[in-house]
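Indexing begins at 1, ligand by ligand and atom by atom, following the structure's order. Please read all numbers here as calculations on a predicted model, not as lab measurements.
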Amino acid sequence: MGYQLHIADRSRIGSVDFDRLRFGEVFSDHMAEQLYADGAWGEGLIKPFGEISLTPAASIFHYGQGIFEGLKAFRYADGRINVFRPDLHYRRFVRSAERMHMPPLAEADWYASIEGVLKQDAAWVPKATYKSYYMRPFMIATEQVLGVRPARRYRYYMMGGPVGDYYSEGVRPVKLTTMPENARSMPGGTGSAKTLANYAIAMMPSQKAMALGYTQVLWLDATERRWVEEVGTSNIFFVIDGLLVTPPLGDTILAGVTRHSTLELARAWDMPVVERPISIDEVLEAGRSGALSEAFATGTAAVVSPIGHIHHAGRTLDLDHDRMGPVAARFHKAITDIHHGLAPDPGGWCHLI
Ligand SMILES: *Cc1c(COP(=O)(O)O)cnc(C)c1O
């Protein structure tokens, strides 16, 4: 089904300072909207970005039945716009919808919403390398009902805006602490879905970590509080004796597209890599013995973030560098080069508009 078009009367782009972009504060002129009722998705609409109106009894406000995605578009030097791996983001959106008992969006509507907004707002995709246009598709339950049951009405939106270079002020390795008294995700729960509650649940522990001087929480598993799972809202990698190690996916870890790309590149480079459970004790011990040379987090926002310090239950590990380690830097450069068309597409990673 196609997307109808309502064009904004005037653009707001003149009021935006592209040299001082903060993450997720500026949105471009248009957004996509599509409504679900009576068992089917209606016609999509590209319309001016702005406030939306919902009944206060909409189930999203009470029970949080909602999901989202986060992906980016980049500008090639020749002016073309590249959306990075929208197929993988679509598949994850559908998996999140299934877990939250929400209706899947058709793949054609996914692409129509992304392309429809980007075609109207192409001027909003920054031209500088390492800047990008961050896209936030999301779906919410909008039926007016306070009974606790899956809603019968939903809305899908796709909005986005320009974001700056994450490392414009230099690389600052993150300082992590575990929060053994809290958990983000449990077996059988929703940790592998991009659903609202997973982020609300993490706010209090991450504020506690920040008050103690840490950048983010290093999440351990909820059952034994022993196995390393994720960093804030990123996946985690270690380099131990030259081997790239990352925890295996399951229903407690979010399957990052950047994690997936990192593993695909490592395998293409014949870098030794293993997905296996890794305990916080093993990490600290490998740090103490010198076997652990690097740790880094992966996600769409920063691509690769080096980890400089880990604290757990009174024990600490310092990875004494003020820069990205060579392995993290190699992934960061390879992925950002693919984003901006400076390196060949490894195969279906780049969706050109
Ligand atoms: C989105 C997210 C990630 C990273 O996924 P990418 O697709 O690489 O951006 C990792 N962990 C959590 C909890 C997330 O929400």
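- Of all atoms in ligand 1, numbered sequentially from 1 with element shown, those under 4.0 Å from a heavy atom of R92 are 5 (O), 6 (P), 7 (O).
- For atom 2 (C) of ligand 1, the candidate residues are H89, K194, E69, K72; the nearest heavy-atom contact is made by K194.
- Ligand 1 has an N or O atom lying under 3.5 Å from an N or O atom of E230, backbone or side chain.
- With respect to atom 3 (C) of ligand 1, the closest heavy atom belonging to the protein is T233 O, 3.2 Å.
- Residue pairs satisfying the ring pair (Phe, Tyr, Trp, His ring centres under 6.0 Å) criterion with at least one member in residues 216-265, sequence neighbours excluded, are listed as follows: F237-F296.
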Quiz item: Passes salt bridge (Lys or Arg N to Asp or Glu O under 4.0 Å), R259 versus E275? Steps please.
Solution: CA-CA 11 Å; R259 175 189 182 278; E275 295 173 73; 2.8 Å; yes

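- An N or O contact shorter than 3.5 Å is missing between T298 and ligand 1 by distance.
- Note on ring orientation: taking the six-membered ring where Trp is involved, the planes of F74 and H340 are perpendicular (angle over 60°, cut-offs 30° and 60°).
- Ring centroids of W110 and F93 are separated by less than 6.0 Å, placing the two rings close together.
- If you check which protein heavy atom lies closest to atom 9 (O) of ligand 1, you get T300 OG1, 2.6 Å.
- Between K175 and D318, none of the side-chain N atoms (NZ, or NE/NH1/NH2) sits under 4.0 Å from a carboxylate O, so this pair counts as no salt bridge.
- Using a 4.0 Å cut-off to heavy atoms of R184, the atoms of ligand 1 that qualify are 13 (C).
- Residue Y199 approaches ligand 1 through these ligand atoms, each under 4.0 Å from one of its heavy atoms: 13 (C), 14 (C), 15 (O).
- The residue among N198, T262, V257, V231 with a heavy atom at the shortest distance from atom 7 (O) of ligand 1 is V257.
- Between Y214 and H311, the distance from one ring center to the other falls under 6.0 angstrom.
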